[in-house]
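Whatever order the structure lists ligands and atoms in, that order sets their numbers, starting from 1.
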Amino acid sequence: MSLMTDDVINFTSMLRMSYDFLHSGRKFNIKSNRKGKKLISVVFPFSDLVFAAKAIPIFPIRLEKFKVNTYLEALNSASGLFGWKAVSNFLGFIRKFDFLKVFDGIIDDVINSLNYKYNKMYDLGIEEGVSNDFCYGIKALYGMHSSRHNNLDANLNVIIRCSAFNKYYESLKRFSDKLIWLDIPPRNIGNALEICTENVKETISQLEKLTGNSITDNDLRKQFRISNECRELYREIIYEISNSDFYPCNPATFSEILALLSISFQDFNSNAETYLKNFRNLVKEMKERIRKKIGMDVSNRPRILLTPRFGGWEPESHNLIYKMGGRLLYADWEILGALENVEVNTYSDPAENYAKYLMDITTKGVGCDNNALTDSYIRVARKMDVDGLIFIELFGCHSISNCYTILRQKVRNELEIPTTALTFNKIGENIEQVKTRLGAFMEMFN
Ligand code: SF4
C-alpha cells in the first residue's frame with residue numbers, strides 16, 4: 001500500500017502522532033520514565049482531570065510493544081538530531097529514488113500492528129475468562145488490563161449507560177484496588193447537574209490524594225483550553241476538510257488518519273501539549289496541501305460515514321470502500337458529543353463546567369437512550385452532508401448496536417440516503433462477507 005505511505009510520509013505531524021501513539025506509551029512501563037507521575041488508565045476521551053492532576057493518562061494498549069517500533073525508533077532518533085520536518089523532507093527525497101522500500105510499510109504497520117495487538121488483547125480477554133457474550137471492545141480492554149495492570153497506578157472509571165461496560169469496570173477490581181469512579185447521572189433532570197458536579201469534585205479529590213498534587217481551578221481551565229482547541233481542530237477536519245472536493249491525500253489514507261485520531265484522542269498520547277501542537281500542524285499541513293493541490297481530487301467519490309467504530313470495526317473497510325470508488329469517514333466522538341467544548345471563563349466553576357460537558361454527552365451520546373442517540377447520528381450525518389451511512393452491529397452489544405432499526409427509519413425519513421449494517425465480531429474475520437455487503441451497498445451510488 002505504498003500510495004498511502006507516500007501520502008503520509010509528507011505529513012510530518014502524522015509521522016509524529018503515529019510515533020507518539022505507538023511508542024511513547026510503552027516507555028511508561030518503566031517507573032523512572034514517569035518522573036514521579038502516576039500512570040492512570042483511561043478509556044473514552046475523559047483524560048482532562050488526569051492531566052490537571054499532573055498524572056499520565058494512558059489508553060492501556062499503548063503500554064504494549066508494537067512490532068513497528070524499529071522503523072519509527074530510527075526516525076525518532078533522526079528527528080532528535082534534525083527535527084521531524086527535516087526527517088519528513090528526507091523521507092520524501094529518498095522516495096523519489098525508491099532506495100528504501102522499507103519505508104513503504106511504516107503507516108500500514110502502524111495500523112496493522114495496532115489491529116494485531118487489539119486481536120491479541122481480545123484473545124487474552126477470552127483466555128482470562130471474559131464471557132463470549134461480551135462485545136469485542138470489552139474483551140480487548142479486559143485483555144489490556146490483564147496484560148499491563150502491574151504498570152498502572154490507578155484506573156479512572158467514568159460510568160456510562162452500557163451495563164456490560166460497567167461490569168467490565170467492576171471486573172478491574174481483580175487487578176487493582178485503585179479504581180477512581182466518576183458517575184454521570186443517566187438523565188439531565190432535576191438536580192442531576194448538581195450531583196454530577198459533586199461527583200466531579202469527588203473524583204478531583206481522589207486524584208489529588210493519589211498524586212499528592214492539588215488541582216486548582218486554573219489547572220482545570222488550562223487543561224480545558226488545550227482540550228477545547230484539540231476538539232475544535234478535530235471538528236474542522238470532520239466538517240470542513242472531509243467535505244472538501246480535494247483531499248490532501250488518498251481518501252483511504254484520510255480514513256486511516258481519522259481512525260488514528262479517534263483512537264489517540266482517548267489519552268492525547270499521554271501528552272496534551274504535544275498532541276495539540278501536532279494537531280495544529282496536521283490541520284495546517286492538510287490545508288496547505290489542499291491549497292497547493294497536492295493530494296487527490298475526490299469530487300466524484302461518495303462520502304460514507306461509518307459508525308460506531310470505537311467498540312470494534314473492520315479496519316479493512318476503508319480500503320474496500322476506496323477501491324469501490326468511495327471515501328469512508330469516522331466521527332464517533334462527535335456523534336457521542338465528546339467534541340463539544342468545555343466552557344472556560346474565570347468567573348464560573350470549572351468543575352461545574354466539566355460536569356455540564358459530561359451531562360451533555362449523557363444526553364446526546366454515550367449515556368443516552370436509543371432515540372436521542374439516533375438523533376445524534378442523524379444530526380452529524382446531516383451536518384457532514386454525507387451520501388451514505390454504514391452502521392456497525394457488534395456481536396455481544398445489547399446497547400448501542402440495538403438502535404439500527406430506529407436509525408434506518410430515521411435515515412429514510414429525514415436524510416434519504418442509502419444505509420446498511422455490517423456485523424462485527426473480530427478484526428480480520430469475515431472479510432469476504434464485509435466485501436460482499438459493501439459491494440452491494442456501493443452499487444447504490446453507481
Ligand atoms: S455499548 Fe455495546 S459496544 Fe459499547 S461497550 Fe457496551 S456492549 Fe460494548
Sequence neighbours excluded, which residues qualify as side chain to side chain donor-acceptor pair (under 3.5 Å) partners of W313?
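So W313 forms a side chain to side chain donor-acceptor pair (under 3.5 Å) with Y330.
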Between [Y] and [X], do the side chains contain a donor N or O and an acceptor N or O under 3.5 Å apart?
X	Y	result
T374	K410	yes
E285	N281	no
Y354	D349	no
S255	R327	no

Which is closest to atom 4 (Fe) of ligand 1 by heavy-atom distance: F395, F310, F424?
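Ranked by closest heavy atom to atom 4 (Fe) of ligand 1, first place is F310.
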Protein N, O or S within less than 2.8 Å of atom 2 (Fe) of ligand 1, waters excluded:
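Within the sphere that stays under 2.8 Å of atom 2 (Fe) of ligand 1, the protein atoms of type N, O or S are C397 SG.
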Assess the pair Y122 and Y118: is the distance between their ring centroids shorter than 6.0 Å?
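Centroid distance Y122-Y118: not below 6.0 Å, so no.
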